[in-house]
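No hydrogens, no waters, no symmetry mates; every other heavy atom, side chains included, goes into these values.
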Amino acid sequence: MHPMSELLKQQSAMDVDMVIALGDLTDGGSEIEFNEWRSVAEQYADQGIEFLPVMGNHETSYAYTVNWINHMKHFIPEDAVHMPGYEWVNYYVIRENVLVIGLAYYNLPIAFEWIKTTIEDKADQVDHIVVASHDGLIGAKYGQTREQIVDGTKGDDWVYSVQPKIRELFADHDVIYVQGHEHQYQRSLISAKTALTTYPSSATPSGGNYRMDVYTQIMAGNASYKGYEFRYGERDLVQMIVSQKNQTDQSSDPGYDVNSSILTFNGTRVDYVSYFANHNAHSNDASESFDADWKLLDKFSRSTNRCESVFYANSILPDTRPVMVLQPEYVTNECYATDGTFARLAGGFNNTFNRTDSRTRDMSYTPGFTRAETMNDLVRLAYQWLFQYHENWTPNLNGPNRVIPDYDADEMIFPETTMDLKEHVTLSWLPASEQTVSDILIISGLQNQTGIYQDDYGVEKDITTSTGLAGSQTDGGAKSAVILPAYATQEWDIRNAPADPYAVEITLPENINAADVQLAIKTDNGWAALAEEACILNASWNSDFIENEPSRDSACADQALVGYDQQFGNRWWAVLKQDAELAFIQK
């Protein structure tokens with residue numbers, strides 16, 4: 001009750017109007033626990049906050065449907081549309097231009113056809129889709145793919161037969177999938193195909209901008225007395241992790257985290273922030289109450305009209321074949337606004353990144369009972385569904401041996417390894433405002449990592465002195481310690497975290513007179529010129545400018561490095577150290 005109270009207090013203060021309660025609202029499914037949860041939730045429901053509860057495994061296992069309906073029926077909105085045969089368990093609501101679908105634990109595959117029909121029927125009414133369930137296909141500790149496919153029962157195909165279809169549907173419709181269950185925080189991209197064949201997006205002459213073939217998965221953190229370690233690691237065949245935080249009593253900062261994660265929808269735009277607060281509340285005893293000290297852990301801002309890329313940590317060995325999407329340099333293709341303005345990232349490297357360890361796990365098989373009937377079957381399933389098979393032309397950056405068969409013990413080993421997180425960077429467009437001459441460019445995703453390194457239990461390590469675990473590098477060795485830039489904060493709180501310097505190049509359509517406008521950045525006080533006119537260089541972009549800033553007047557030292565490319569015409573470039581919203585305004 002204590003972390004729940006602190007979370008709802010913060011979300012109420014931030015004007016949240018809907019709370020998705022992601023299951024395991026009880027531990028033992030008792031009347032006392034339901035009443036305790038309700039005693040907190042009803043305070044905020046009375047203030048007008050809407051609750052969308054979904055059933056977790058602790059309700060499925062202990063509370064059963066009768067108890068769930070008795071206590072949750074009056075929270076579920078009256079206008080909710082229920083899945084036939086699964087009333088009060090699977091349902092959806094539409095709020096303005098957002099479709100929100102709630103699903104009970106393990107119901108994602110069961111409800112697939114209903115979800116598909118709902119999404120297709122409502123697609124022209126909404127701009128955003130949120131699917132919420134207690135668990136998901138791809139987990140940090142669990143995940144239905146591991147539990148029901150790789151480690152599944154022979155002939156039991158209720159997940160096997162629809163898993164790829166779910167990934168494709170969610171990627172096609174830009175779904176934001178939110179879940180609990182794992183008791184750690186994680187945000188990742190799940191690919192409809194494979195991670196290495198998910199190409200960065202761009203624009204085409206006929207089709208305009210298009211997104212990567214992925215959907216966003218957000219895993220809410222451990223708000224209870226459970227703090228699970230990171231098992232199995234990144235499912236690198238289909239998953240790209242961009243944020244990860246574990247917190248257990250075995251960490252260097254004992255206790256747990258409560259996460260407060262907030263999605264804000266405004267037209268075609270979505271903004272996301274996730275906060276955490278450390279606590280030591282193991283029970284509802286009054287002596288364990290606490291005042292949350294909220295810190296910003298993760299964020300993004302984007303619109304539905306966007307281009308996106310994944311940038312890998314600049315820790316890839318030089319002789320690694322640069323195939324597919326293994327790109328640490330901030331260079332993208334052009335991304336077009338509706339007014340004809342276009343932009344691209346033009347330079348910089350991902351030198352500041354977070355690192356995390358997983359732990360060793362094992363899996364076995366029973367001929368005639370499990371899907372796998374031999375060790376080779378088990379290895380094949382692991383590489384077919386979870387992990388990238390390592391070859392020179394398809395390198396696995398988490399290590400060449402993600403799965404090791406132990407034929408003597410008849411067990412398959414998932415060895416511990418070290419993973420460098422990725423950056424999901426988006427260039428998004430919004431229509432021009434009354435204050436801008438051009439459409440508005442949102443650059444997001446470069447300011448989320450600070451050089452933090454944690455082990456599988458959340459114990460912090462120093463990335464500058466500690467090497468990764470044995471076997472974590474593509475050559476079979478350990479990932480090296482990292483020389484971080486001086487500006488890397490190595491803190492979980494990203495409010496004051498700078499991005500690695502990067503260049504953005506923006507080109508205006510010919511019908512706008514370059515002499516009449518200036519490149520501006522949105523601040524808390526409105527739009528402001530990115531640099532004074534006297535400080536703008538008349539020069540084409542040169543990638544050397546990232547490391548070697550060209551000479552400018554000393555009065556320009558505190559201003560962004562901005563250039564105007566006379567050779568091209570209506571083209572500007574700038575070097576930035578933060579996520580930003582940019583547009584052109586009248587001089």
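Ion pairing between D357 and K461 holds under the 4.0 Å rule for side-chain N and carboxylate O. Taking 4.0 Å as the cut-off between side-chain N and carboxylate O, E416 and R359 do not count as a salt-bridged pair. Using a cut-off of 4.0 Å between Lys/Arg side-chain N and Asp/Glu carboxylate O, R38 and E36 are scored as not salt-bridged. Note on R306 versus D174: salt bridge recorded, some NZ/NE/NH1/NH2 to OD/OE distance being below 4.0 Å. Between D271 and R269, at least one side-chain nitrogen of the basic residue sits less than 4.0 Å from a carboxylate oxygen of the acidic one, meeting the salt-bridge criterion.
By the neighbour-count criterion of 12 heavy atoms within 6.0 Å, atom NZ of K73 is sparsely surrounded, having that number or fewer from other residues, nucleotides or ligands. Residue N496 places its CG atom among 12 or fewer non-hydrogen atoms of other residues, nucleotides or ligands, all under 6.0 Å distant.
Between the side chains of T268 and D127, no donor-acceptor pair is found at a separation under 3.5 Å. Using modelled atom types, one finds a donor on one side chain and an acceptor on the other under 3.5 Å when comparing H74 with E42. S243 and Q186 share no donor-acceptor pair across their side chains, judged by distance under 3.5 Å alone. Side chain to side chain, N398 and D236 meet the donor-acceptor criterion of an N or O pair below 3.5 Å. When only modelled atom types and interatomic distance are considered, T352 and Q449 share no side-chain donor-acceptor pair under 3.5 Å. Side chains of D285 and S283: a donor-acceptor N/O pair is absent below 3.5 angstrom, by distance only. Judged purely by distance below 3.5 Å, without hydrogens or angles, the side chains of E460 and W492 pair a donor atom with an acceptor atom. In summary, the side chains of Q244 and Q184 do present a donor paired with an acceptor at a separation below 3.5 Å, with no hydrogens or angles considered. Side-chain contact annotation: D298 with Y275, donor-acceptor N/O pair under 3.5 Å absent. For Q327 and S309, the side-chain atoms include no donor-acceptor pair closer than 3.5 Å.
In this structure a side-chain-to-backbone donor-acceptor pair under 3.5 Å is present from S201 to E308. In this structure, S260 contributes its side chain and L7 its backbone to no donor-acceptor pair below 3.5 Å. Using a distance-only test at 3.5 Å, with no hydrogens or angles considered, a donor-acceptor pair links the side chain of E33 to the main chain of G28. One N or O on the side chain of D500 and one on the backbone of N351 form a donor-acceptor pair closer than 3.5 Å. Listed for the H173 side chain is no donor-acceptor partner under 3.5 Å among the backbone atoms of V175. A donor-acceptor pair under 3.5 Å is formed between the side chain of N90 and the backbone N or O of A104. With hydrogens and angles disregarded, no donor-acceptor distance shorter than 3.5 Å links the side chain of S12 to the backbone of L8. Between the side chain of R402 and the backbone N or O of E234 there is at least one donor-acceptor pair closer than 3.5 Å. Distance alone, capped at 3.5 Å, places no donor-acceptor pair between the S61 side chain and the H58 backbone. Looking at E423, its side chain never comes within 3.5 Å of a backbone N or O of N350 through a donor-acceptor pair.
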Test side chain to side chain contact (heavy atoms under 4.5 Å, CB included) applied to L103 and Y91, step by step: CA-CA 7 Å; L103 305 169; Y91 59 93; over 6 Å; no
Derivation and outcome, salt bridge (Lys or Arg N to Asp or Glu O under 4.0 Å), residues R95 and E50: CA-CA 11 Å; R95 295 293 177 263; E50 188 172 34; 2.6 Å; yes
Side chain to side chain contact (heavy atoms under 4.5 Å, CB included) between V19 and F51, intermediate numbers included: CA-CA 5 Å; V19 172; F51 283 80; 3.9 Å; yes
Step-by-step side chain to side chain contact (heavy atoms under 4.5 Å, CB included) determination, Y215 to I176: CA-CA 6 Å; Y215 67 92; I176 298 175; over 6 Å; no
Derivation and outcome, side chain to side chain contact (heavy atoms under 4.5 Å, CB included), residues T426 and I442: CA-CA 8 Å; T426 56; I442 306 172; 6.0 Å; no
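Taking the six-membered ring for Trp and the full ring otherwise, the centers of F387 and F414 sit less than 6.0 Å from each other. Taking the ring centroids of W88 and F75, they lie at or beyond the 6.0 Å cut-off. The distance between the ring centers of Y106 and H134 does not fall below 6.0 angstrom. Two rings, from H2 and F290, have their centers 6.0 Å or more apart. In this structure, the ring of H181 has its center less than 6.0 angstrom from the ring center of Y142. Checked against the 6.0 Å centroid threshold, F311 and Y330 count as a close aromatic pair.
For the pair K245 and Y185, the NZ or CZ position fails the cation-pi test of under 6.0 Å to the six-membered ring centre and within 45 degrees of the ring normal.
The CG atom of L297 sits 5.0 Å away from atom OG of S274, with the distance rounded to the nearest 0.5 Å. The distance from the CD atom of Q179 to the OH atom of Y105 is 11.0 Å, given to the nearest 0.5 Å.
Here the options are S261, S301, S444, the test is side-chain hydrogen bond (donor to acceptor under 3.5 Å, both in side chains), and the partner is Y272; only S261 passes.
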